[in-house]
Each structure stands twice: as structure tokens, then as C-alpha cells.
Protein chains: 2
Amino acid sequence: MIPTMRQLEALVLVYRHGSLTKAAAEMRVTQSAVSLLIRQIEENFQLRLFDRTTRALRPTLACKDAIPIAERILAGANGLARHMSDLVEVKAGRTTIAVSAGVASALLPRVLARYRADYPDVRVEIFDVAPDDLLPFVTAGDAELGIGSVENADTPDVKIETITHSSLSAIGIKDGRFEKASRLTWDSLEKCNLIAMRRGTRIRSQIDDALARTGRQLKPNLEVSLITTALALTAEGAGISILPAHMLPVAQFPTLAAVPLSRPAIIRHVSLVSRADFVLSPAAQRFVETTRQLLSVRRAADRRGDVSAHSSPKKTRPRIQ
Amino acid sequence: MIPTMRQLEALVLVYRHGSLTKAAAEMRVTQSAVSLLIRQIEENFQLRLFDRTTRALRPTLACKDAIPIAERILAGANGLARHMSDLVEVKAGRTTIAVSAGVASALLPRVLARYRADYPDVRVEIFDVAPDDLLPFVTAGDAELGIGSVENADTPDVKIETITHSSLSAIGIKDGRFEKASRLTWDSLEKCNLIAMRRGTRIRSQIDDALARTGRQLKPNLEVSLITTALALTAEGAGISILPAHMLPVAQFPTLAAVPLSRPAIIRHVSLVSRADFVLSPAAQRFVETTRQLLSVRRAADRRGDVSAHSSPKKTRPRIQ
DNA sequence: ATCATTTCATAAGGTAAACTCATGATCCCG
DNA sequence: CGGGATCATGAGTTTACCTTATGAAATGAT
């Protein structure tokens, strides 16, 4: 039968101190307990490990054989405990995160920069995927966490938490007048040069659907595949981009401003997605927290109703997340 | 806090089987117990190790980190148990044995040959020492066991067990007449060429003392330091050697015979010596047994009175030897 | 030498841990 | 949709672990 950890601790400490009493002090138990532990391990092995003379303990040859092995075992156990604790304290670990292309260019850089600063020891693997691939990536378990817009939140096997949402906006060059407007209507853009995402992209489909419901139609002068392209074109004066406001990375395009569009107002949600049956690793949990922080916690708190599922179903016992 | 062995066993087995029930079967406990063990280790680490879906258990990243470490720990514990069991079964181990020169040449080779055949995996270290160094060697702890003649058995810190004893004998060439004599008297050797050990050796002192007490005196023609020298000289016809009978290794000197000397009969004991406060290792215990066997167990049983100390003083509990 | 002190051994007893049993909840498969 | 399989959980019991109290032996100081 294999010895218990406690027996090995006693063995090693008694060997080191040459004394039950001192070993007991270090183990925070009575001397009797240590005496018992040593006897247990001896009876288990059917082998004398210490020759006793009521006063001194002298390790036998067998004991000397056992000590290095016992020390390795204990070191392993301590290493395991330390590593697990490192994972909890996010001083180690790894996580994989899938982000849709838009989020990858607009939101992710800020979040990731902050996260890396806070938790430099975590290896983060980013998959920047097409919006339609986001959910499959998470459900397949290839990514622990997904960030992006998700259409149908009706799948029971994923948790979806909306972390931010923004109106479809007109993005144009700050000219002292454009950025002053608090809102613009779709109709007021009739005569502008418009830059929109190409047909078939998520954003574009959402725009087309919403406008169609009000009998309108978007007639862009330019259609692009990448958000960054649209923004770059706008910055160069090629026209006004139609994008969710949060897609504008201010740091990258300081000359641009976003103004929400109304009539109809089109809201776009950005959500965190994870499998309902997985518990997020500490590293991923912190990623979520970092993301929420950067998106101002206040707003998220107000719209708790947007959250589709984010509380543990079991409540009988404090769960380990 | 470090995990217990039982928790690690559960962790590894659940990981391997992907099932509490199967792990429980292998651990010979109920499924509930395993469920509990896993929960304990999770609460201890504050970390999810398995994502549960009432039916399946899916290891988390942290679990995958932990498994190889846990396996190493368990392998170490098993290795330790196996090694200890090997020591008990004398399939491993080592022992150091001090023998006085006479024993080393006459008795030891037979015993050692048998011992090596029975326990080939034990490393035996032999110290062939001067007779006076035998006891110090054992008391100092440099040898676990001593074999030889010991003068004063009055020291309380060593156990001395006489394993054989033989009369001082005349050793001469078999000539069809010499070896037929069942005894010879010292007086009958008056006119023979005698070969004796040099003055100052243990054997010589014992002879001189005993003869002096009967008013006799040994007058050897040759005095030598080594027993083998005496025997070789006798074999070459240089005279009759005066030695304990057991000092004649028959295999080495087939032409020689030993005839006990009487009037006075001088008895020489050969004893096993070990420290009273040490318990012999299994390897050394077997060495003692082998020695006893080869010296015919019957004789030893008859003279149990010769044994000065060979039972454990404590008897409240079955002791581990 | 003698006695106080230190140290280990051991027995008894209580508390906490571990395990089992019984049962409930959920999922998978026919 | 029901039966079987699997995990979770609560109650209850058994086990084992630890402490307390005490004894025995040896050391060391007076």
C-alpha cells in the first residue's frame, strides 16, 4: 500500500530533525501524532525506518533509501499545489479566445494590451474568425471564449452576455461641424458619399434588413470587406462610413468622429460567448473582467436584462468557478 | 495545502476513465466517495478540474496541467512502496559485515557463496578486520553485523549470539592413521613439530592462558601470523598446526584433517555481534539465518543457553524487525 | 549520585474525516 | 418517452486521526 502524504511529511521531517518533537512542532501536531505516523509507515512497509533509543532516532539504511524518494514526492505535491495556485492567481495558464474580425481590430487591441499588462504570465491565443465562425468555434471547444456579435441567442449550450452595444453610426472627418451633431437620420445621408461593408457581411445584412423594414435602401458609393479599409477611406475624405460606433478605434483614427444614426436606430450588440457546460478558466474569467472594465462597468450593470444566461444553475453549494 | 494521495489517485483515475463510476470501481470505493474526493481537491485548489454534465466529465486545462504531475507523484509513491517491499523480500538492499581474519578465510566463503546465491541482489560489503577490531567496528556502526570470537560479552549495547564453537585441534596431514584418532592430548604432541599462531594473536593468547592454568606451555617450532600460512606449512609437511577445528577450510586443504585436543580441552566460540539498539536490516537478518543454517541448526538449538541477548525487550506490540 | 528535564511510547478518548447508503436529477439511447 | 446509466447530494455510520495524559528511559546539571 502506498503511504499517505502525511506519513511522508513525518518521515522526512523526523529524518531532517532527528527528533519527533521538532518534527511535530513543524507539522503543527503533537509529538504523539508524529510517533503514530512513523509507526504507521513502518508497519505499512514492514520495515524499521528509525532505530529508537527512547531519546535519539537513528535512520536505518532503508530510511536513507526512502528519504530522497519521499522528498521528491513531497516536492512534486508542493509543485502541483503551487502551480494550481498560480493558475487561480493568474500567474500562469493559457486561454484561447475567438474574436470576430470587427472586434479584433476595434475592441481587442485595447483589451489585450490591458490584459497583458495585468497578467503577463498568461499565454493568450487569439483566433480572429469570420463572424459566422465565432459561435461554432466556441461550441466546438476550440476557443474558451468568443467575443463578437451573435445572432441567435437561443442555443441552450452557450452562455451569451452582451457587454456593449452601439448604434449604427456615421463616421466622418471631424470638421468642427460634423462631430457636433448628436444624431443624424438615415435620410439626411441621402446625398453623401457613403462607404459601407460589402453585401453578405453581417453588419451589412443587418443594415439592409433594418432599412428594408422602413422602406429604405442603402446606396453606398463604396463597398469594402474590411472595417479598417472603410475607416482609412473615410479618413482620406472618400466619404462617410456606416459602422457601429464601437468599431472606431479612436487611437488609430484621431481625425474621425462617430455620430449615431436614427430613424431607424439600429443597435448592434457585442457579446461574450462561452459554453454553458464549461467553467471558464481563471485566465479567461479575468479576460472577461478586463473587457467589462474597459467598456465601463456602469453601462453593463444598467442593462442586466441583456444578459441571457450568466448565473450558475446549481446553488446548493458555493461552486468553484 | 498539498493534496492527499487518495485525492491524487481519484484525480488520475477519473481522468483516465472519464468516469467517476469506473474510477470508483478501480479504487474499491463507492462512486460517492470519488465524487467527494474530486470535489475536495477542487475546493482545495479553488479550481475546476472537471466540467460536469451529469453524465460526462471533461477535464479542464488546469486538470490537464495537473495530471502529469499527479502521475509522477503516484509513480514515486508506488516506487517507494515497491522498493521498501524489495528490501523486506531481500530483492534489494545492502549490508556491511565485519569478520575477523580467521572467520574470513574459513567460514565466510561458504556462507557468502550461499548468501549470494539466495539473495543475488543484495550488495554485501565485507570488512575483514583484526580480531580486536571486530567489536569496535560493530559498536561504531561501521558494520551492521560482526562475526568472530568476542572476549567479553558483558557490554550491554551489543547483542552477542554464539553460532558455533570448536575445540582447539591439531591439524595434520591425512596419513591413514592421524585422522583416525578421535582425540589427542596436548601432552601427546610434545615430540611433534608444532606450528602455532604468533604470540599476541587472540588464538595464541587463549592457548597460552589455558595451558598455563594446567602448568603446561606451548613450544611451537614455527610461529606465523596468518592462519592460511600455518595450514599451507602443515600441508607441505612442516608440522602440525594448532588451530580451532572450524578454521580448516576443507575445500582448500583436502589433504589435511583436524583432531580435537584434550587435557585441557580449549573451546573457542564464534559469535554473531550486532548493536543492541539497532534492528538488523532484512538483508543482514538473512545473512544471520544463512550462517546458522550452514552451521547446522541443530547444534545452535541445543545450546540456546549460549545466547546472551537475542529477544526484543519490548513485547507490548508486534515489533517490526 | 540523584533528581529534574527531555524525549519517545502508548493507551484512552473525542473529533473530524472518509466512506456508504439511499435517493434525486439529468442525460442518453432505444 | 421510458429505462438505464451516470453524477450529485444528504444522512448516517464507520474509520482514522489527533490530542491529552501518562509512563519509561536517558541525559545532564547540581
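The figures that follow rest on heavy atoms only: side chains count, while hydrogens, waters and symmetry mates do not. Quick caveat, the model's predicted, so the values are computed rather than measured. A note on names: the letters A, B, ... follow the listed sequences, proteins ahead of strands, and every chain is numbered from 1.
- Over its full length, the helix from C/dA1-D/dT30 to C/dG30-D/dC1 turns its helical axis through 30°, comparing axes from the five pairs at each end and rounding to 10°.
- Between B/Lys22 atom NZ and D/dA5 atom P there is a gap of 12 Å when expressed in whole angstrom units.
- In this structure, of D/dC18, C/dC19, D/dT19, it is D/dC18 that holds the atom nearest to the side chain of A/Arg6.
- Between C/dC8, D/dC18, D/dT9, one nucleotide has an atom nearer to the side chain of A/Leu36 than all others, and that is D/dC18.
- Contact check, B/Gln7 against C/dA18: no side-chain N or O comes under 4.0 Å of OP1 or OP2.
- Rounded to whole Å, the distance from CD on A/Glu9 to P on D/dC17 is 13 Å.
- Here the closest non-hydrogen pair linking B/Val90 and B/Ala283 is CG1-CA, 4.0 Å.
- Proximity of A/Ser19 to the phosphate of C/dC8: a side-chain N or O atom is located under 4.0 Å from OP1 or OP2.
- For A/Ala33, whose side chain is taken as the heavy atoms from C-beta onward, the closest listed nucleotide among C/dC19, D/dT19, C/dA9 is D/dT19.
- The CG atom of B/Leu49 sits 16 Å away from the P atom of D/dC7 (whole-angstrom rounding).
- Distance, A/Arg28 CZ to D/dT19 C1': 16 Å, rounded to whole Å.
- Residue-level contact check: A/Ser35 touches the bases, meaning some heavy atom is under 4.0 Å from a base atom.
- Rounded to a whole Å, the CG atom of A/Leu57 is 13 Å from the P atom of D/dT27.
- Checked for salt-bridge contact, A/Glu289 and A/Arg292 miss the test: no charged N lies under 4.0 Å from a carboxylate O.
- The side chain of A/Ser32 sits closest to C/dA9 out of C/dT20, C/dA9, C/dC8.
- Side-chain proximity of A/Val29 to D/dC7, D/dT19, C/dT20: nearest is D/dT19.
- Listed candidates were C/dC19, C/dA18, C/dT10. Nearest to the side chain of B/Leu37 is C/dC19.
- Taking the charged nitrogens against the carboxylate oxygens, B/Asp277 and B/Lys159 have no contact shorter than 4.0 Å, which rules out a salt bridge.
- Salt-bridge annotation for B/Glu71 and B/Arg16: present, with a side-chain N of the basic residue lying under 4.0 Å from a carboxylate O of the acidic one.
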Assess the residue pair B/Gln31 and B/Thr21 against the criterion (side chain to side chain donor-acceptor pair (under 3.5 Å)); give the C-alpha distance rounded to whole Å, side-chain angles, the decisive distance to 0.1 Å, and a yes or no.
CA-CA 5 Å; B/Gln31 165 265 324; B/Thr21 309; 5.8 Å; no
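- Listed pair A/Gln31 / C/dT10 fails the phosphate criterion, with no side-chain N or O lying under 4.0 Å from OP1 or OP2.
- Here the closest heavy-atom approach between residue A/Leu49 and residue B/Met84 is recorded as CD2-SD, 4.3 Å.
- For A/Arg52, the listed nucleotide lying nearest its side chain is C/dA9; candidates were D/dT19, D/dC7, C/dA9.
- Summarising the geometry of B/Ile67 relative to B/Val12, their closest heavy-atom pair is CD1-CA, 4.1 Å, with the distance given to 0.1 Å.
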